[in-house]
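Below: the structure, in structure tokens.
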There are 2 protein chains.
Amino acid sequence: MAEYTIKEVSEMFSLPASTLRYYEEIGILTNIPRNSSGNRVYQECHIARLRTICCFKNTGMSMAQLQAFFSYECSNEDHVEDIIRLLAEHKDSLAKKIEQLQRDYIHVQRKLHFYQDIKKSRETQMQPPVWEDYKYQTFAENEGDGADGRS
Amino acid sequence: MAEYTIKEVSEMFSLPASTLRYYEEIGILTNIPRNSSGNRVYQECHIARLRTICCFKNTGMSMAQLQAFFSYECSNEDHVEDIIRLLAEHKDSLAKKIEQLQRDYIHVQRKLHFYQDIKKSRETQMQPPVWEDYKYQTFAENEGDGADGRS
DNA sequence: GTGCCACTTCAAGTATACTTGAAGTTAACA
DNA sequence: TGTTAACTTCAAGTATACTTGAAGTGGCAC
């Protein structure tokens, strides 16, 4: 079975070694055995858990929630209902978050088009655009930059 | 023209008044006039900017980047290129972020289905599921909970 | 006129998630 | 036999984004 040093895991996940030690300290990536020199030896199960940690963290879960999740998962008692509740709540909040980000993406896109058109209008001595015209507009995702974007 | 107290803006955006003062202090929501009693009077332009601040913050922009953006926007000098660069970079990073979140959403969904099936297997005295079976599976977004999810 | 509420400024404090530093150990290499 | 790199533990420090507290002002109801 594959085993990894802290440095290898650090590189694998682009996380500093200090962060991996921190995750162990706060109890979300635990039971890491040591070799004869006292160095951490990461195994496949730790890699799998770290993937889950990164996924959950990336999607906005706090350390406290991660601690709760893994305390349920590692407990001998039956916490399957708690796990399902936590995951279902996180899934729902994540779905909402993605929807909000998609709306925000459109806002950023509008701003970008607005300033690109300001630049164009200066180069061509045309009337500068007005933000009002962009406020409710959506733009196709063609990166060619050829389309005017205004009707 | 509509004017708002700090409390009204606070409620409008679900932000504590202290945060609005903080945004003024660090220079991202500035030029807020005071009435005869010295209280802040927010106008439409401040509401519009606050919407942009919330959008940018929500999509992961730091205060430092917001400061840069508005220092460009408010400057008399020609910073349109800088604004376009900043917005284009933010748009790209946001697109990547949304894609990553969609992948992470699938991971969360798999975990949820796995634990839901663990629960079902206990209720029906069936063999408990194995995580390996869920690792690469995708699930339709039907909330009915009727489908088994396993083939 | 006094109680109270919402506001003001300014300074200091806080939560989260790490990061850094000090001091020491181990193993490989010149 | 150094010495260099990579690791260890433990405590303290840091960045970001606010939040809280103290002390004071203004305007309105009773």
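In what follows, every chain begins at residue 1, and chains take the letters A, B, ... in the order their sequences are listed.
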Integer-rounded Å distance: D:dA6 P and A:I6 CD1: 13 Å
Distance test, side-chain N/O of A:K57 to OP1/OP2 of C:dT16, below 4.0 Å: no
B:S36, nearest nucleotide to its side chain (from D:dT19, C:dC7, D:dG27): D:dG27
Distance, rounded to the nearest Å, where B:L29 contributes CG and D:dC18 contributes P: 12 Å
Rounded distance in Å - CD1 (B:I28) to P (D:dA17): 9 Å
Short side-chain N/O contact from A:Y22 to OP1 or OP2 of C:dT16, under 4.0 Å: no
Lys NZ or Arg CZ of A:R49 over A:F70 ring: under 6.0 Å, within 45°: yes
Atom-to-atom span, CD of A:E24 to P of C:dA17 - whole angstrom: 18 Å
Given C:dC7, D:dC18, D:dT9, the nucleotide with the shortest approach to the side chain of B:Y23: D:dC18
Phosphate OP1/OP2 of C:dT9 contacted by B:R40 side-chain N/O (<4.0 Å): yes
Rounded interatomic separation in angstrom, taking CD1 from B:I32 and P from C:dT9: 10 Å
Atom-to-atom span, CG of B:L20 to C1' of C:dA6 - whole angstrom: 14 Å
Separation of C:dG21 P from A:R21 CZ (nearest whole Å): 14 Å
Nearest atoms (heavy-atom pairs only) where A:N58 meets B:Q100: ND2-CG, 3.2 Å
A:S18 vs C:dT20: side-chain N/O to OP1/OP2 distance below 4.0 Å: no
Charged N-O contact under 4.0 Å between A:E123 and A:K120: no
DNA chain D: 5'-proximal contact among A:K7 and B:S62 (nearest heavy atom): A:K7
Side-chain H-bond candidate by donor/acceptor type, A:Q67 with A:Y72, under 3.5 Å: no
Length of the CZ-P vector between A:R34 and D:dT8, whole Å: 6 Å
B:E132/B:R110 salt bridge by N-O under 4.0 Å criterion: no
A:M63 side chain, from C-beta outward: closest of C:dC18, C:dT8, D:dG26: C:dC18
Which nucleotide in C:dT19, C:dT26, D:dA6 has an atom nearest any side-chain atom of A:T19: C:dT19
